[in-house]
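Here is the naming used below: chain letters follow the sequence lines, and residue numbers restart at 1 for every chain.
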Amino acid sequence: MPELPEVETVIRGLRKTILKKTIKSIYLNAPPSSIVLSDSFKIKDFKRLLKEKKILAINRRGKNILITLTDNLTLWVHLKMTGHFFYDHNPKPVNKHDLVIFHLSGSSGEKTDSHLHFNDYRRFGRLRLFPQEELWEQAGLKKLGPEPLEIYVSDFIARCKSSHRMIKPALLDQSFLAGLGNIYTDESLYFAHIHPQKLSSSISKKKLTNLHYHIQRLLKLAIKNMGTSVDSFSGVNGKPGRFQKYLKAYHHEGNPCYFCGHKIVKIKVGSRSAHFCPRCQRL
DNA sequence: TGATGTGTTCTGCT
DNA sequence: AAGCAGAACACATC
């Protein structure tokens, strides 16, 4: 499940491989309407408009990938749960779940062509093309909360204090904070010793300061380790991440707590799974 | 054969 | 208005 560190790993991989290259053609597999359709352009425009566009920049906002192209266009990508990119110089056989394949020509000095595959067996992932001026509103960037790695601890505390809801659903809400998913919320709350169902406004400043610290520490450590591969996640080079070996709570139900030895439990919080230690994380 | 999990959006309720 | 629950999406994995 790509969350902030996984998406960051992907954009770094894309920068290494496709930045400054030109899109020669697009191959669309299966019925692509829901995957590439946008309010701005019809399906047939997707192929036509991407042709001969150069890739100028690749950025991340929350879990959103933004690929800036020539002619004032931005390709917005959301991996959702199982979407991933795979880059290769040699044309690979088309996988059943390769939904979009970009044929790229080398940047100056490089004469070999290459291919970028967008693969998603669950087909939740989305790729959409927007004119620059529509991006903010149409791609939902307007609604996103602050970046977890950029928010100041004082702003983070203020946000938590003014929200009357359980901390776990708050952290998962992309308009509250943009980039955390189930793995990093569970891990952050575990290290900060905060119960996932604790009302966010009722958590002490000291604990929130600690939570802010662990969110940033874990995200940075996960980025350094190329993300977490628990399902199908892998980088643009096909390599899985290494952060799963650091996980202490997520998918650790039944195992002894790293801090106190009590059994890690798994419950439902707001219809999502939550893993925590009932002794270290009290309500 | 059926339940589960996963991110996000939507609808409808309090 | 704010927050919550549940459904929907799609499908590999158990």
Expressed as a whole number of angstroms, how long is the span from Leu171(A):CG to dG3(C):C1'? 15 Å
To the nearest 0.5 angstrom, please state how far the CZ atom of Arg12(A) sits from the CG atom of Asn237(A). 13.5 Å
Rounded to the nearest 0.5 Å, what's the gap from CD1 on Ile11(A) to NZ on Lys16(A)? Could you check? 12.0 Å
Look at the side chain of Arg165(A) and decide which nucleotide, out of dC11(C), dG3(C), dT8(B), has an atom nearest to it. dG3(C)
Against the side chain of Ser163(A), the closest entry in dG3(C), dC11(C), dT8(B) is dG3(C)
Length of the line joining Leu199(A):CG and dA2(C):C1', which is rounded to integer Å: 13 Å
Does anything in residues 245-256 of chain A come within less than 4.0 Å of DNA chain B? Heavy atoms only, and list the residues if so. Tyr250(A), His251(A)
Within this structure, what is the OH-to-P distance between Tyr121(A) and dT13(C), rounded to whole angstrom? 6 Å
Would you mind reading off the distance between Arg126(A) atom CZ and dA8(C) atom C1', rounded to a whole angstrom? 12 Å
Could you work out which one of dA10(C), dT8(B), dT6(B) sits closest to the side chain of Asn182(A)? dT6(B)
Kindly compute the distance separating OH (Tyr246(A)) from CG (Asn225(A)), expressed to the nearest 0.5 Å. 4.0 Å
Give the rounded distance in Å between these two atoms: CG of Leu172(A) and C1' of dT9(B). 15 Å
For Asn182(A), run the side-chain hydrogen bond (donor to acceptor under 3.5 Å, both in side chains) check against His275(A), Lys168(A), Glu3(A) and tell me which one passes. Lys168(A)
Rounded to the nearest 0.5 Å, how far does CZ of Phe130(A) lie from CG of Leu66(A)? 10.0 Å
By centroid distance (under 5.5 Å) and plane angle (under 30°), are Phe124(A) and dC9(C) in a stacked arrangement? yes
Of the options Glu134(A), Gln132(A), Glu133(A), which is the one that meets Thr74(A) in a side-chain hydrogen bond (donor to acceptor under 3.5 Å, both in side chains)? Gln132(A)
With the side chain defined as heavy atoms from C-beta on, Gln174(A) is closest, among dG3(C), dA10(C), dT8(B), to dT8(B)
Please work out if Lys268(A) contacts a base, only the sugar-phosphate, or nothing of the nucleic acid, heavy-atom cut-off 4.0 Å. sugar-phosphate
